[in-house]
Amino acid sequence: RMALTTVRSTGISSLPAISGANLTSLNASNIASGTLAAARFSGGKILSIAQTICSTGQDYTGTSYQNVFSASITPTSASNKIYLIATINYQLYSTAENMLRGIYAIRDNGESEITVSDCVKKASDTGGREFSGNTVLTYLHSPNTTSSYTYYVSQKCVGSNRRCSIYGNNAAYGTKPSSITLIEVAP
């Protein structure tokens, strides 16, 4: 090992070049900047990303799930996980009741619920029976496959005389589009 504690000027205008070839046992936690080879990392790598932005929203009055939009991804290994992020901009409406309620979910290939947001709003008597809001759903899913896997953003109403909506890209209403992002992560 060589330690440099003092530098004195000897009139030399440049220092000699130093090779780092013998620096093989560095502790990576001490590296503040620079590039490490990918082979030195173990796990947690982002392998692929898929995203769908909802281009047209949909109104719905049913009490069973309706798929509004989806995204698909093909995992490169059955042991990889998919991190799901859905941003849902919605509207709830009722013609008869002050309690507004809609359920928004991410569902999988078999249309099973993966994660759910139960959106409830009590409207005032004078303020009307309409409410707009947003919810973000996240989940780390293990599909255990190397086949294409589809995730759906779905909605359903709770009760009668109600309407739930998911906004698409509709600048006329000043809304941002809903979206779903799928991130494949190596374990």
What's the separation between atom [atom1] in [X] and atom [atom2] in [Y], rounded to the nearest 0.5 Å?
X    : Y    : atom1 : atom2 : result
T76  : L47  : OG1   : CG    : 4.5 Å
S77  : N144 : OG    : CG    : 9.5 Å
K156 : C164 : NZ    : SG    : 10.0 Å
I73  : I180 : CD1   : CD1   : 10.0 Å
S178 : Q58  : OG    : CD    : 11.0 Å
E113 : S154 : CD    : OG    : 9.0 Å

Give me the atom names and distance for the closest heavy-atom approach of [X] to [Y].
X    : Y    : result
P187 : S79  : CG-O, 3.6 Å
Q155 : D59  : NE2-C, 4.4 Å
T52  : A71  : OG1-CB, 3.4 Å
A50  : S72  : CB-O, 3.4 Å
N67  : R107 : OD1-NH2, 2.8 Å
L92  : G102 : CD2-N, 3.5 Å

Would you mind reporting whether [Y] and [X] have side-chain heavy atoms less than 4.5 Å apart?
X    : Y    : answer
V153 : I88  : yes
P177 : N89  : no
P75  : P143 : yes
C119 : I103 : no
L84  : T138 : no

Please check if [X] and [Y] belong to a single hydrophobic cluster, counting links between Ile, Leu, Val, Met, Phe, Trp and Tyr side chain heavy atoms closer than 4.5 Å.
X    : Y    : result
I53  : V136 : no
I46  : I85  : yes
Y151 : L137 : yes
Y60  : Y93  : no
I114 : L140 : no

*Can you list the residues that meet the side-chain hydrogen bond (donor to acceptor under 3.5 Å, both in side chains) rule with S117, with sequence neighbours excluded?*
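For S117, the residues satisfying side-chain hydrogen bond (donor to acceptor under 3.5 Å, both in side chains) (neighbours in sequence not counted) are T135.
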*Does atom OH of Y139 have more than 12 heavy-atom neighbours from other groups under 6.0 Å away?*
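Not more than 12 within 6.0 Å, no.
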*In terms of ring plane angle, is the pair H141 and Y149 parallel, tilted or perpendicular, where the classes change at 30° and 60°?*
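Rings of H141 and Y149: tilted, 30 to 60°.
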*CA sep, side-chain torsions, deciding dist, call: Q91, R163, side-chain contact (heavy atoms from CB on, under 4.5 Å)*: CA-CA 8 Å; Q91 182 183 58; R163 180 186 76 223; 3.1 Å; yes
*Would you say the side chains of S142 and K81 form a donor-acceptor pair under 3.5 Å?*
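Judged by distance alone, the side chains do pair up.
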*When you look at I183 and I82, which way does the side-chain contact (heavy atoms from CB on, under 4.5 Å) test go after all the steps?*
CA-CA 5 Å; I183 304 170; I82 307 298; over 6 Å; no
_Partners passing side-chain contact (heavy atoms from CB on, under 4.5 Å) against S70 (at least two apart in sequence or in another chain)_ =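 With sequence neighbours excluded, S70 shows a side-chain contact (heavy atoms from CB on, under 4.5 Å) to T150, Y152, given in chain and number order.
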*Qualifying ring-ring contact (aromatic ring centres under 6.0 Å, His included) pairs with a residue from residues 70-90, counting only residues at least two apart or across chains*: Y90-Y104
